[in-house]
Protein chains: 2
Amino acid sequence: MLDNASPPGPPTRAATIEDVAQHAGVSKAAVSKVIRDAYGVSDQMRERVTASIAALDYRPRVAARAMRGSTATIGVQLPQVDNEFFTRILTGIVQELNASAYQLIIAPMADPVSGTAALESLYDRQVDGIIAVAPAVPQAWLEGLARRVPLVQVGQHDHPQHYDVVVGDDDAGARLVMEHLFDSGHTRIVHVTNDERILVEPRTDPHPRRLRVYESMMRERGLEPDVIRIDSSDHDTRHTVNDLLDRATPPTALFAGHDSLALSALEVSAERGVDAAEFAVVGYDDVPIASHPLIGLSTVDQHGQEMGATAAQLLLERIGGRQDAQRRVFSPALRVRATSGSAPAVRRTES
Amino acid sequence: MLDNASPPGPPTRAATIEDVAQHAGVSKAAVSKVIRDAYGVSDQMRERVTASIAALDYRPRVAARAMRGSTATIGVQLPQVDNEFFTRILTGIVQELNASAYQLIIAPMADPVSGTAALESLYDRQVDGIIAVAPAVPQAWLEGLARRVPLVQVGQHDHPQHYDVVVGDDDAGARLVMEHLFDSGHTRIVHVTNDERILVEPRTDPHPRRLRVYESMMRERGLEPDVIRIDSSDHDTRHTVNDLLDRATPPTALFAGHDSLALSALEVSAERGVDAAEFAVVGYDDVPIASHPLIGLSTVDQHGQEMGATAAQLLLERIGGRQDAQRRVFSPALRVRATSGSAPAVRRTES
DNA sequence: TTGAAAGCGCTAACAA
DNA sequence: TTGTTAGCGCTTTCAA
């Protein structure tokens with residue numbers, strides 16, 4: 001379809017179902033049946049219509065179809081397009097939906113502070129279902145949306161009534177990190193995390209959970225928590241980590257709320273020539289580059305791609321009619337690499 | 001909007017403009033005027049209608065609007081969501097369109113071999129304009145599409161009549177790389193690039209261009225080109241690079257068609273403990289991680305984000321009525337880092 | 001198996 | 001300033 005370049009000259013009006021019907025000498029209803037593969041069309045009819053569709057380069061308008069029923073599309077709301085963890089989730093969704101009859105559209109959050117616009121935009125387009133990835137909206141608002149359209153939320157610790165949730169077990173993940181650092185003998189451990197102001201729902205966001213675990217595990221051992229909040233600018237992170245290492249008794253380990261923060265910290269320690277035994281760094285998310293031998297970042301694998309695929313499956317079930325709210329909690333896995341613990345770094349030799 | 005969770009109980013039919021009109025005791029036309037901010041509404045009318053809209057939680061359907069005119073949305077077709085260069089372009093588009101009245105939707109390519117589905121899907125949704133990022137479709141097909149909807153293409157060396165092009169100067173970029181390697185004294189230089197089978201339009205694709213420059217510059221100096229094609233799997237790349245380094249007289253430099261290939265090559269050389277003086281690696285794209293001190297990948301900055309922003313500007317102009325085809329060619333810049341030439345690597349100290 | 005006709009929710013002429 | 005009305009392109013009864 002759309003194969004034939006339309007005739008040269010002024011752009012002609014795109015063909016409608018009416019045009020096809022006339023060209024084929026049949027009714028609009030007949031054409032509609034053919035394009036929908038509906039029951040009750042003779043082979044002869046199908047052939048005629050198919051030929052006319054090709055001849056006129058006809059494509060049904062989604063909008064007109066939407067007026068009468070489904071759009072056969074699923075919408076994904078994404079907080080940032082340049083965040084590797086989110087794109088992993090998206091990859092899982094894309095693959096899972098590839099075989100389905102649904103077309104995927106993605107609405108990026110324009111305003112990172114409030115995600116309502118992107119979700120509303122999908123709703124306004126009458127998508128058949130929505131996957132909301134780490135949506136920056138209150139849970140009550142999501143419930144309202146979920147009452148109107150099948151919805152699956154990924155990445156927040158909600159306990160909803162009208163939508164499904166796919167989320168990582170952040171308590172377990174943070175515990176893995178802290179146990180690993182304690183086992184390696186660290187006591188002066190700082191935690192670097194997102195500034196709380198950028199959180200819409202601190203109660204359900206993963207990062208405050210990781211923080212909470214960090215704090216309680218430190219206190220359990222009689223250690224004073226040392227928390228640093230970052231307002232998301234890379235410069236800020238580097239500055240902060242430099243300050244940390246400048247202290248009279250600097251921390252020996254850094255637990256970063258996500259890999260992007262961890263990578264920034266590694267920039268600083270690399271530039272200063274501080275090694276992993278002196279200053280361990282552990283991240284969260286296991287972005288692809290973390291396993292590169294030149295980086296070797298210890299981190300927590302959240303299985304983002306599987307989370308995305310699961311979200312897509314749940315949404316299809318929901319579109320199929322399921323009503324009860326399901327929760328899928330993914331167990332994270334610690335990946336110990338060069339930036340912490342025992343595994344020796346693969347080093348670049350002198351050049 | 002969508003603020004009030006709808007009443008508990010069975011999901012009620014979403015409000016239409018008719019419902020709002022009845023609730024406010026006015027005509028549908030009046031409501032339409034209010035929501036479009038059209039001329040000729042009294043303050044009193046506006047207030048009544050606005051109140052009813054809020055009370056009923058009304059949102060106009062894009063589909064119904066599309067039947068009469070514009071959808072106020074711009075569509076972006078994206079080949080892969082997990083490619084950092086493409087997401088840079090996307091970031092530029094998102095930022096540029098943020099202030100505009102247009103909502104953005106992204107259609108990811110499901111099938112990397114043919115990109116028609118994603119573009120057709122956007123067309124079928126009657127978007128007001130399309131940005132096609134590295135579309136895997138023949139140029140003639142794009143021309144046909146461009147006759148029907150304002151279109152800007154990013155990343156292919158087309159010379160179109162009905163759409164605009166934003167592209168990097170790949171000849172110049174490849175030349176920068178080769179001159180840099182020659183200047184550093186290399187002669188045994190291999191070029192690793194995508195398998196040609198995955199290219200729809202080899203004539204306009206950036207990678208064959210870079211390859212062509214590589215070949216001709218090698219020959220100009222009496223050197224035999226040494227080209228290796230990869231079918232995009234990471235395993236394949238690692239295997240290939242290992243073979244290269246196993247040769248009796250291995251190459252001293254590798255020019256990778258894009259950074260992802262370069263990073264894979266660096267994995268292998270790092271694991272084998274081969275340093276940059278022995279085996280230089282230069283990539284293309286300047287993905288964010290390339291500048292990390294632990295990676296220090298020499299590469300070519302294509303200014304992806306600016307390309308995206310420019311594409312968005314051109315599209316807005318085109319939607320505004322411009323007809324002539326514009327081309328914007330971006331001059332790339334070489335970033336020399338640790339993996340090639342003189343800059344010493346920042347190394348991780350022994351741990 | 002095929003066709004006629006109603007109607008989805010909205011906008012834009014036009015009338016009042 | 002406000003309301004009436006005629007479609008936009010499709011799907012879906014319901015008749016033929």
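Lettering of chains follows the sequences in order, A, B, ..., and the numbering in each one begins at 1.
- As rounded to whole Å, 6 Å separates atom C1' of dT2(C) from atom CE of Met45(A).
- Using modelled atom types, one finds no donor on one side chain facing an acceptor on the other under 3.5 Å when comparing Ser52(A) with Arg48(A).
- Rounded to an integer number of Å, the gap from CZ of Arg59(A) to C1' of dC10(D) is 15 Å.
- For the segment residues 31-43 of chain B, the set of residues with a heavy atom within less than 4.0 Å of an atom of DNA chain D comprises Lys33(B), Gly40(B), Val41(B), Ser42(B), in numerical order.
- A salt bridge is defined here as a Lys NZ or Arg NE, NH1 or NH2 lying under 4.0 Å from an Asp or Glu carboxylate O, and Asp158(B) with Arg327(B) fails to meet this definition.
- Per the geometry, OH belonging to Tyr123(B) stands 11 Å off P belonging to dG9(D), to the nearest Å.
- Between Arg46(A) and Asp37(A) there is a salt bridge, with a side-chain nitrogen of the basic residue lying less than 4.0 Å from a carboxylate oxygen of the acidic one.
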Protein N or O to nucleotides 4-8 of chain D N or O, pairs below 3.5 Å:
| from | atom 1 | to | atom 2 | distance (Å) |
| --- | --- | --- | --- | --- |
| dG7(D) | N2 | Arg68(B) | NE | 2.3 |

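- When rounded to the nearest whole Å, the span between CD1 of Ile17(B) and P of dC8(C) equals 14 Å.
- Between Thr73(A) and Leu104(A) the shortest side-chain heavy-atom distance does not fall below 4.5 Å.
- In the model, Gln153(A) has no side-chain atom that pairs as donor or acceptor with a side-chain atom of Gln139(A) under 3.5 Å.
- Note on Arg65(A): a side-chain N or O is less than 4.0 Å away from OP1 or OP2 of dT11(D).
- Between the CZ atom of Arg125(B) and the C1' atom of dG9(D) there is a distance of 16 Å, rounded to whole Å.
- A donor-acceptor contact closer than 3.5 angstrom links the side chains of Ser70(B) and Asp128(B).
- Using modelled atom types, no side-chain atom of Arg318(A) and backbone atom of Gly320(A) make a donor-acceptor pair closer than 3.5 Å.
- Side-chain polar atoms of Asn98(A) and Glu96(A) form no donor-acceptor pair below 3.5 angstrom.
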